[in-house]
Amino acid sequence: MKKIFLTAFLILASLQLSSQDLLDILELEAPVTENIVSATFKGTRIVNGHSIKNRKDSELEFIISHRFGRVNTGFEELFGLDQANIRFAFEYGLSDNLTAGIGRSSFEKTYDGYLKYSLLKQKTGANSFPFAVSLFGSIAAKSQKAIAGNERTLAESLFYVGQVLIAKKVNSSLSIQVTPTYVHRNLATIDADPHDIFALGFGSRVKLSKRVSLNAEYYQQFQKLESINTRNSLAFGIDIESGGHVFQIILSNTITMVEKSFITETTGNFFGGDIHLGFNLSRTF
Amino acid sequence: MKILYAFFVCLFLVSFTNAQERFLTKKGMISFFSETPIENIEAQNNQVLSIVDASSGKMAIAILMKSFMFKKALMQEHFNENYVESDKYPKATFKGDIIDFDNITTSEITLAIKGNLTIHGKTKEITIEAVTKKTDEVIEMTGNFFINLSDFDVKIPSVVKNNISEKIKVSFRLYHKTYKK
């Protein structure tokens with residue numbers, strides 16, 4: 001009995017050893033590697049708001065963004081193209097995980113600066129982790145001269161934004177992001193305006209082809225300014241990638257590109273036709 | 001029965017010694033180079049798995065595409081996401097025969113290797129040359145060859161047509177050591 005078992009074992013062992021494919025051996029020997037999920041979003045913005053994407057170490061990106069007027073202003077205004085808010089910005093990777101940016105918008109002559117830090121990365125394989133977390137902080141300064149009698153100090157012109165960006169690349173064609181946001185303004189226009197506004201952002205990217213994706217973004221505010229009739233920001237964008245450029249075409253109900261403005265000061269009704277056409281053009285050096 | 005038993009013992013021992021004649025590396029190097037007047041693109045992978053069966057002269061190589069390191073991180077992202085589609089096709093493989101493997105010696109000679117190279121899900125038969133040498137513990141193979149991106153259905157968009165060469169030079173250095181199971 002023992003011998004039969006031994007024989008059977010020897011037959012199987014010989015067959016197994018001699019017929020084992022070399023590629024199968026490599027498969028067995030392959031170490032389990034840690035894979036950081038990349039390209040969750042292609043641009044540093046989903047549409048208007050930031051994505052978890054950082055600039056890589058020492059990478060410099062120059063961004064020119066436009067938001068035109070409302071399309072429902074009609075032919076006389078050439079569907080909004082006669083007015084434009086322009087923002088120029090530089091973004092620089094201080095390290096792979098820390099990006100700094102400065103920008104200047106023509107709307108209210110606003111200067112803004114931000115820091116974005118990648119805290120946790122989505123990983124597969126060894127040490128897998130299901131989602132990515134980044135921290136974002138920005139300061140915006142309105143420099144447009146106030147009307148006589150309403151002058152502001154520098155401190156009164158400042159706005160602060162803090163965000164936690166939580167993103168997940170669900171599969172190679174779908175990425176989602178949830179963005180708890182806090183906005184603080186030093187100066188409230190009227191007493192009823194809150195100094196602090198909390199909002200929750202939702203963003204997504206759906207890949208349509210290898211180089212084109214459709215993005216969507218929505219920010220739900222939990223407090224609202226009383227001095228203006230604000231709405232939640234809604235935006236759609238198409239990302240087109242070509243070499244070192246990402247070109248974004250945007251439709252949104254806001255004309256601004258700075259967090260404090262489009263999250264808390266948006267007045268357009270998207271479904272009423274208050275849609276601003278816009279684009280982000282970036283070049284990486 | 002005893003004879004049969006002895007036969008299987010022999011068979012087992014033979015296959016066991018065969019297995020002993022395998023040589024493996026997990027730290028093989030494969031790099032590629034694209035040269036155009038506008039820019040040169042280079043990437044290196046130092047985690048290539050390769051195995052040589054010295055009893056049959058067969059060899060196999062497995063290359064994880066995401067382990068190719070580029071100078072520019074953005075290039076690496078584009079390589080994985082847009083060109084070789086690493087999520088869909090994580091590995092490139094080669095499986096082939098070293099022709100006249102019995103001629104291998106302790107000093108360097110050039111041998112031809114014929115086999116199937118699979119990249120981006122597409123397989124093409126290629127014959128390459130490698131400078132090889134073998135001692136009791138080590139089989140060394142180095143060399144380079146050219147591949148055409150179109151053979152593997154890797155498409156270059158027209159805007160970067162002048163930046164990426166259609167012909168890619170691939171270099172390898174594989175230092176196999178005796179493989180103990």
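Within every chain, numbering begins at 1; the chains are lettered A, B, ... in the order of the sequence lines, protein sequences first and strands thereafter. Computed from a predicted structure; not experimentally measured.
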| query | Does NZ or CZ of A:Arg283 come closer than 6.0 Å to the centre of the six-membered ring of A:Phe62, within 45° of the ring's axis? | reply |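 Cation-pi check for A:Arg283 and A:Phe62: fails.
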
| task | Tell me, please, whether B:Tyr83 has A:Arg211 positioned over its six-membered ring: NZ or CZ under 6.0 Å from the ring centre and within 45 degrees of its axis? | result | yes

Side chain, backbone, both or neither: which part of [X] has a non-hydrogen atom closer than 4.5 Å to chain A?
| X | answer |
| --- | --- |
| B:Lys95 | side chain |
| B:Ile164 | neither |
| B:Met75 | neither |
| B:Glu85 | side chain |
| B:Ser50 | backbone |
| B:Lys72 | neither |
| B:Asp87 | side chain |

| field | Contact class of A:Thr33 relative to chain B, heavy atoms under 4.5 angstrom | value |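 A:Thr33 touches chain B through side-chain heavy atoms alone.
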
| note | Okay, A:Lys56 and chain B: the region with an atom under 4.5 Å from a heavy atom over there is side chain

Under 3.5 Å, is there a donor on one side chain and an acceptor on the other for [X] and [Y]?
| X | Y | value |
| --- | --- | --- |
| B:Ser34 | B:Ser165 | no |
| A:Glu259 | A:Tyr114 | no |
| A:Glu34 | A:Asn127 | yes |

| query | Counting distance only, does the side-chain N/O of A:Ser51 pair as donor-acceptor with the main-chain N or O of A:Gly43 below 3.5 Å? | reply |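 Such a contact is found between A:Ser51 side chain and A:Gly43 backbone.
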
| task | Please say which of A:Asn35, A:Ile36, A:Val37 ends up in a side-chain contact (heavy atoms from CB on, under 4.5 Å) with A:Lys123. | result |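 When A:Asn35, A:Ile36, A:Val37 are each tested with A:Lys123, the side-chain contact (heavy atoms from CB on, under 4.5 Å) holds only for A:Ile36.
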
| remark: Residue from B:Val52, B:Ile61, B:Asn163 scoring the most non-hydrogen pairs under 4.5 Å with chain A is B:Ile61

| request: Flag the one option from A:Ala39, A:Ser172, A:Gly93, A:Ser38 with the top tally of heavy-atom pairs under 4.5 Å to chain B. | output: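 Between A:Ala39, A:Ser172, A:Gly93, A:Ser38, the count favours A:Ala39.
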
| query | Do the rings of B:His120 and B:Tyr89 sit parallel, tilted or perpendicular, given the 30° and 60° boundaries? | reply | perpendicular

